[in-house]
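Structure record follows, encoded as structure tokens.
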Amino acid sequence: MKLVLGHLYPDLMNLYGDRGNFIALQKRCEWRGIDVDLRRVTVGDDVNFADFDIVFVGGGQDREQEIVWSDLGRHRDDLARAVEDDVVVLAVCGGYQLLGHYYLTPGGRKIAGLGILDLHTESHSSRLVGNVVCRSEYLPAPGTLVGFENHGGRTHLGPGVAPLARMVKGHGNNGRDGTEGAVYRNVFGTYLHGSLLPKNPHFADVLIARALQRHHPGAELEPLGDALEWRAHRAAAALAGVRG
Amino acid sequence: MGLRRLAGSIAGKVAIAALRRVGRAATTAPGRVVLGLDPDFIGSVTGDARRVRTAVTGTNGKTTTAALMESCMRASGWSVVRNSSGANMLPGIASALVERVTAAGRIDVDAVVAEVDEATVPGLVRAMAVDVFVVTNFFRDQLDRYGEMDRTVAYVRRGLENFGGSTCLNADDPLVADLAPSVKADSTVFFGIDPLVDDDEGTDVELAAGVDTQFCPRCGGRFVYTHRVYGHLGDYHCPDCGWSRPRRHVVGRELPGKGTGVALEISFARGESIEVNLAIPGIYNAYNAVAAAAGAHASGVGLDDIRVGLEGFSGAFGRMEVLDIGGRELVLALSKNPVGFDQILGAVVSDDEAAAVVLGINDGHADGRDISWLWDVDFEMLCKRPDIRVSCAGSRAEDMAVRLKYGGIPAEGLRVEGDLASSVDAALEGVVEGRRVYALLTYTALLQLRSGLQRRGLVREMWRG
């Protein structure tokens, strides 16, 4: 078995150790004997998203994010088709905002997003920062996600997406409605980094399993020895004041 | 002298004495007391300095650069006050000053060297008449505190817009060099490094994963590097808008090394040059030395004294500081962001005497509460030295351990525990005499470990460090 992992704009959108998510996906495949083909995509590259099994895009600084938004626009239709074909996408922070309809800057300028997720984001001068614990119905036991959030954007979900998780501790999408992240088909958007996947191994495995299902229906993931990962998961929950 | 200043000084002195009685380092609390009573304390008291008021900012190398500048000034026979503990916001600077205030309520020094946090630059420029400002570099650091690196740069830019002295800028760092148009200063001095170059290094060098900036801050175009020193530092130009590295006034040309330290030929604007054999290792310390040379020169220190000052310096507080503990060497290294961490790990894995590494990772406010940056550090380097025993400690020991596991460092036998002091003790016990233990520590971990060692009488008191 083989999976093609695409890392979008690793040179521009790697603000919060997002590289860790990619490393986690790669290693957890390799440890199970699943071949991994890593592809990096950046500004100006030609790409066919149908070739990918998992696409990852992280967060960037405002300046770099604008470079990406203008480049990714030309891939919009191709990416949208791949999403309808159930390609797995993980988008964190800036990458998550990018998948929505638009992003309203602090100066009131509206930057068009890709419109792949039914949501929009308004920027705010105060940032939502801190350790996060939330609970997701998309995950097997214990169902919690732990991470760190740091975003000025307030994201509001439309009816076309479901929240990825409900907040236990932290701010989430907008600090008001108790939701965190968004899910549409196999697209997962979230504000959590930390890095996210290494200490949420169940989430990493959900992404890998969904990617395998496309070409290998019924494929089962071999369990791994995750004692260290769960120890970090519980420690992060405890630091946020939640008993994991 | 005003009554406020007197009241502030006395209260600050009392606070220092009280904290030391209970065995705590007086690095910021006295300054907070002083500034509460006399908000103008920093400006009025530094006005007493006879020669020069200097400041150093930037992501990495602040403490070492400031310490090197002080060393150059002392070689010139000057007396100097510096916030040497690394507490670098206004209360930390005020604490260092109040300690030196005499009974007459003045400070009797030739020069002030203030190491200052990037976000505090506008505040410092308002508070104190800085004559010389040195900016070392901008790397990604503690993002949860300031948002993003662009904002950090904006703080420094805003401070320098109101600054009328001379500015020493790292020309090899495009984000620092780009400050020049914003500076109101009389004179800008650009400094940089020409490293020893390996053969066959091509143009437009592939940049490493942790690199922060490879895009032109002026137009967003992608930089081409004809050579790169490390990270995004090097000789860059932008093919889109034509901007390129400014011409440099102070250049350190790396010479083939003679010992563990770096050897440099530092040339100055008027064709003068000095040859310097630093006692401290690593190309990042070569940058610190050239930054300090530029700052000291702009402050009026002569070239011979700069050479003596740079060569006589053996390490700042917790920056590759070597302690002898029962015949074994413990090396303390502040490791707080990917680029700095990579440099230090590189030094560790190339040290044949290195036997153990303790990674002490805290997520306190001063460390940056977000530890995602651990994933941008090249811990994979440790795989080259399976003989080095690794342990993880601090409030984020478990995150550190997971990072190592995914970096290919065997998880079996990896010691993971919160308590830093006992991790370091265990590492020292497991090492034969003459071998070295490295403790790579975030800022609060460094303070914790050092004050614990100090209580046990194993290191000098920090405020004299």
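Quick note on labels: first sequence line is chain A, next is B, and so on, each numbered from 1.
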Rounded distance (nearest 0.5 Å) linking atom CD1 of A:I23 with atom NZ of B:K405: 14.0 Å
Sub-4.5 Å side-chain heavy-atom contact between A:R28 and B:Y406: yes
B:I371 vs A:F148, side-chain contact (heavy atoms from CB on, under 4.5 Å): CA-CA, chis, key distance, verdict: CA-CA 9 Å; B:I371 41 76; A:F148 195 92; over 6 Å; no
A:L239, part contacting chain B, at a heavy-atom distance under 4.5 Å: side chain
Interchain contact, A:T42 with chain B, by part (heavy-atom threshold 4.5 Å): side chain
Closest non-hydrogen atom pair, A:G20 against B:W375: CA-CE3, 3.3 Å
Interchain contact, A:N21 with chain B, by part (heavy-atom threshold 4.5 Å): neither
Chain B contact via A:A227 - side chain, backbone, both or neither, heavy atoms under 4.5 Å: neither
A:R231 side chain to B:V416 backbone, donor-acceptor under 3.5 Å: yes
Heavy atoms of other groups near A:D46 CG, more than 12 under 6.0 Å: no
Carboxylate-amine/guanidinium proximity below 4.0 Å for B:E398 and A:K199: no
B:R369 versus A:G130, closest heavy-atom pair with distance: NH2-CA, 3.5 Å
Contact summary for A:P198 and B:V402, nearest pair of heavy atoms: CB-CG1, 3.8 Å
Segment of A:L228 engaging chain B (4.5 angstrom heavy-atom cut-off): both
